[in-house]
Undergrad: 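Here it is, the structure, as structure tokens.
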Amino acid sequence: SRLSGNAWKVRILLNQLKLPFERVTLDFAGGDLAKPEFAAKSRFKRIPVLELDDGRTLVESSAILLYLAEGSPLLPDDRFLRTEVTSWLFFEQFDLTRTLAVPRFFKLRGVYEQEQEKVRFFHEIGYAGLTKLEAWLASHKFLVDERYTIADLGVFPYIYMAGEGGYEMNRFPAIEAWTSRVTSQPGYVPLIEETKA
């Protein structure tokens, strides 16, 4: 899907590492994820999937980021710092992804108003996660080692789009400053790239 934050983070990293790739966009509504050929590539029938030159596939965006960043400046060599990066990727998946993504999905599907009870549930959990992140970023430029790593990239997309799901992101000035630092990194690409006329 062109609007997936998890696929977006992989695409940003591929661009930042200057790795050649072919992007294949799937149609959720058209049932592409249910097709047997996709299921053979993605064990849980979800995106993103990274297919290697030898035909093997990797799933789960955080795992893909760790694989691609190996040996690059975006994944520290130091064991402690690498584990810190991994801990932020876990935090994002547990505390943020679903709670930020689902209300946005409701808006995209045009059912946001009908799903207010669920929206309130996700917002309560999501705001708690955002408050934790805000506290950390109030005294840190980046998430690990005061430099841009895949920890930042992994946590970034759904936070950047959280306003689309009704989150009041102006409540989090340190997060807003951090997202500006992330989007100013060399090789950053927007979710939807402008087509050249």
Side-chain angles (χ1 to χ4, degrees), residues 1-13 15 23-35 38-39 42-49 59-65 88-138 143 150-185 188-195:
S1 169
R2 298 173 74 233
L3 301 177
S4 163
N6 284 325
W8 183 25
K9 64 181 78 166
V10 172
R11 191 164 47 88
I12 293 171
L13 182 59
N15 199 58
R23 179 182 180 182
V24 177
T25 302
L26 301 177
D27 179 8
F28 279 14
D32 284 352
L33 300 190
K35 292 180 179 173
F38 181 71
S42 177
R43 59 180 164 259
F44 302 123
K45 299 181 187 176
R46 59 186 179 213
I47 59 170
V49 176
V59 296
E60 302 302 324
S61 61
S62 294
I64 294 170
L65 295 184
W88 280 108
L89 297 176
F90 288 156
F91 167 78
E92 187 263 348
Q93 290 293 304
F94 185 79
D95 287 60
L96 297 174
T97 298
R98 187 177 177 93
T99 62
L100 301 183
V102 172
R104 175 177 172 261
F105 177 75
F106 289 156
K107 281 242 178 154
L108 292 171
R109 295 294 300 257
V111 297
Y112 186 82
E113 298 307 322
Q114 299 95 293
E115 296 287 0
Q116 278 303 294
E117 188 177 332
K118 289 179 184 172
V119 168
R120 280 191 294 274
F121 169 79
F122 285 121
H123 277 184
E124 183 178 347
I125 301 167
Y127 276 122
L130 290 168
T131 299
K132 292 174 191 173
L133 182 62
E134 176 75 8
W136 180 262
L137 288 171
L143 298 180
I150 60 166
D152 301 285
L153 179 54
V155 173
F156 161 79
Y158 284 108
I159 288 176
Y160 186 76
M161 300 183 293
E164 297 174 23
Y167 283 90
E168 298 170 2
M169 294 308 292
N170 58 355
R171 291 166 49 176
F172 304 103
I175 290 176
E176 289 193 319
W178 166 77
T179 59
S180 294
R181 288 191 287 275
V182 172
T183 59
S184 68
Q185 294 302 306
Y188 169 81
V189 291
L191 178 65
I192 304 293
E193 296 180 72
E194 294 181 23
T195 52

Undergrad: Report the distance from atom CD1 of Ile12 to atom CD1 of Ile150, rounding to the nearest 0.5 Å.
TA: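 Going from the CD1 atom of Ile12 to the CD1 atom of Ile150 covers 13.0 Å.
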Undergrad: Are the side chain of Trp178 and the backbone of Ala138 linked by a donor-acceptor contact shorter than 3.5 Å?
TA: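 Absent.
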Undergrad: Determine the minimum heavy-atom distance between Ser4 and Ala7, stating which atoms define it.
TA: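 Closest pair (atom of Ser4, atom of Ala7, distance): OG-N, 3.0 Å.
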Undergrad: Taking atom CG of Asn6 and atom CD of Glu92, what is their separation to the nearest 0.5 Å?
TA: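 Rounded to the nearest 0.5 Å, the CG-CD separation comes to 6.5 Å.
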Undergrad: Rounded to the nearest 0.5 Å, how far apart are OG1 of Thr183 and CZ of Phe156?
TA: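 Answer rounded to 0.5 Å: 6.0 Å.
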Undergrad: Should Tyr127 and Phe172 be marked as a side chain to side chain contact (heavy atoms under 4.5 Å, CB included) after you check the CA-CA gap, both sets of side-chain angles, and the distance that decides it?
TA: CA-CA 10 Å; Tyr127 276 122; Phe172 304 103; 3.7 Å; yes
Undergrad: Nearest heavy-atom pair of Glu134 and Ala174: which atoms, and what distance?
TA: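 Smallest interatomic distance, heavy atoms only, reads OE2-N, 2.9 Å.
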Undergrad: Could you grab the distance from atom CD of Gln93 to atom OG of Ser62, nearest 0.5 Å is fine?
TA: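 Reported value, rounded in 0.5 Å steps: 4.5 Å.
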Undergrad: Search all heavy atoms of Pro103 against all heavy atoms of Phe122 and return the closest pair with its distance.
TA: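 Closest heavy-atom pair between Pro103 and Phe122: CG-CB, 3.9 Å.
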Undergrad: Drop me the distance from Leu143's CG to Trp136's CH2, to the nearest 0.5 angstrom.
TA: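 Output value for this atom pair is 8.5 Å.
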Undergrad: Mark yes or no for whether Lys9, through its side chain, and Leu153, through its backbone, hold a donor-acceptor pair below 3.5 Å.
TA: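 The answer is no, because no donor-acceptor pair under 3.5 Å joins these two groups.
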Undergrad: Are the side chain of Tyr158 and the backbone of Gly5 linked by a donor-acceptor contact shorter than 3.5 Å?
TA: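 Looks like yes, one N/O pair under 3.5 Å.
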Undergrad: Which side-chain N or O atoms in residues 105-113 pair as donor and acceptor under 3.5 Å with protein atoms at least two apart or in another chain?
TA:
unit_1	atom_1	unit_2	atom_2	d
Tyr112	OH	Gly165	O	3.4

Undergrad: Going through the distances and angles, do Trp88 and Asp152 end up as a side chain to side chain contact (heavy atoms under 4.5 Å, CB included)?
TA: CA-CA 8 Å; Trp88 280 108; Asp152 301 285; over 6 Å; no
Undergrad: Assess the residue pair Val102 and Lys118 against the criterion (side chain to side chain contact (heavy atoms under 4.5 Å, CB included)); give the C-alpha distance rounded to whole Å, side-chain angles, the decisive distance to 0.1 Å, and a yes or no.
TA: CA-CA 9 Å; Val102 172; Lys118 289 179 184 172; 6.0 Å; no
Undergrad: A side-chain contact here means heavy atoms from C-beta on lying under 4.5 Å apart; do Leu130 and Leu100 qualify?
TA: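 Yes, at least one pair of side-chain atoms sits under 4.5 Å.
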Undergrad: For side chain to side chain contact (heavy atoms under 4.5 Å, CB included), just list the numbers for Thr131 and Arg171, CA-CA rounded to whole Å, side-chain angles, deciding distance to a tenth of an Å, and then say yes or no.
TA: CA-CA 9 Å; Thr131 299; Arg171 291 166 49 176; 5.7 Å; no
Undergrad: Hey, what do you get for CZ (Arg11) to OH (Tyr188), rounding to the nearest 0.5 Å?
TA: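 These two atoms lie 9.0 Å from each other.
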Undergrad: Write down the atom of Trp8, the atom of Pro157, and the distance for their closest heavy-atom approach.
TA: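 Minimum heavy-atom contact is CE3-CB, 3.6 Å.
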